[in-house]
Amino acid sequence: EVVLNAAVDACGKGGAPDEAVKLLRGMERAYGIKPSNISYNSAISALSRAGRAREARGLLKEMASSGLKPDRVSFSAAMQGFAAAGDRKNAKSLSKEMEDSGVGMDVVSYGTAVSACGRAGDVKGALRLIEEMESAGINANVVVYNSALDACGKAGNPEAAAKILRRMTEAGVIPNVTSYTGAIAACSRCVNGSKAIEWLEIMSREGITPETICYNYAMTACGRAGDARQAAWLLRRMEEEGATPNRITYSAAMFALGKAGRLHDVLDLLTEMERKGVQAD
RNA sequence: CUGACACGCCCCC
């Protein structure tokens, strides 16, 4: 039984949702083992991960009609399929069903709902959910705030990001790299390279070492702002600071340089990536 | 043994 559940989970994580569902269906027939909540949850999660949200929700329904009681994990796993697509409506309707069926929302299910807003760039919706969870006595954690920051990133709203960073700090939640990445992404979206660089400095000062992704967003910001010098400077700077440029870094740098007409520099970078063994595409 | 967070170009916004 544990073995079969682990197998269902492994199929899901390995990107084989159909196998996961097949195993779930075969459990009773081939092994005489009734699928448990964990079996269903693993299969639901497999479908959500594959972007098949409606089928995931279908399994959730089926679970209820087959005499099992969907739990918090079942609902969050199904919600995740919609959340990943930024489908707030369906995510919300599942959270409603969750409460209606007597399964309370917890920090993870709220986190999933906030991430639906995050992907959709819906800062207001994200903040509303945070208020709601706090008034329900559930404290938002760093993941929840990060999802709200992701909304600021997608919406290109660095002011809102600054506000959320302040707010989480006041609530005793320490921002991490992902948190600052949201703020930098917001600058990138709104074409503000120098503000992005400011955030890089702020986070370093706070003792959080910027990772490659942070520089990538900052370079994209510079590129969009038409500031190829800053982008090129960031590329050198990140290496000095110990961050490793990846394929996305180079494409952001090349985008910035190309836009400024510095084609020789673009070609130089291509050579440099090859020399460093970064795969071009 | 099961659930939530971040990256380019193009497209969308």
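All chains are named by letter (A, B, ...) in the order of the sequence lines, taking the proteins before the strands, and each is independently numbered beginning at 1.
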Mind checking if [X] touches a base, just sugar-phosphate, or nothing, with heavy atoms under 4.0 Å?
| X | value |
| --- | --- |
| A:K13 | sugar-phosphate |
| A:R72 | base |
| A:D106 | base |
| A:N141 | base |
| A:R224 | sugar-phosphate |
| A:D150 | sugar-phosphate |
| A:V107 | base |
| A:T178 | base |

Charged N to carboxylate O under 4.0 angstrom, [X] versus [Y]?
| X | Y | result |
| --- | --- | --- |
| A:E201 | A:R205 | no |
| A:E97 | A:R57 | no |
| A:R262 | A:D268 | no |
| A:E240 | A:R236 | no |

Item checked: First and last nucleotide of RNA chain B, 5' to 3', lying under 4.0 Å from heavy atoms of chain A -> B:rC1 to B:rC13
Margin query: I'd like to know if the side chain of A:R247 and the backbone of A:V278 have a donor-acceptor N/O pair within less than 3.5 Å.
Written below: no
Check: Looking only at atom types and distance, does a side-chain atom of A:K154 sit under 3.5 Å from a main-chain N or O of A:G118, one as donor and one as acceptor?
Finding: no
Next item on the list: Considering only atom P, compute the distance from B:rC12 to B:rG8 and round it to an integer number of Å.
Entry: 16 Å
Note to self: For the P atoms, the ones on B:rC13 and on B:rC9, what distance do you get once it is rounded to whole angstrom?
What the structure shows: 15 Å
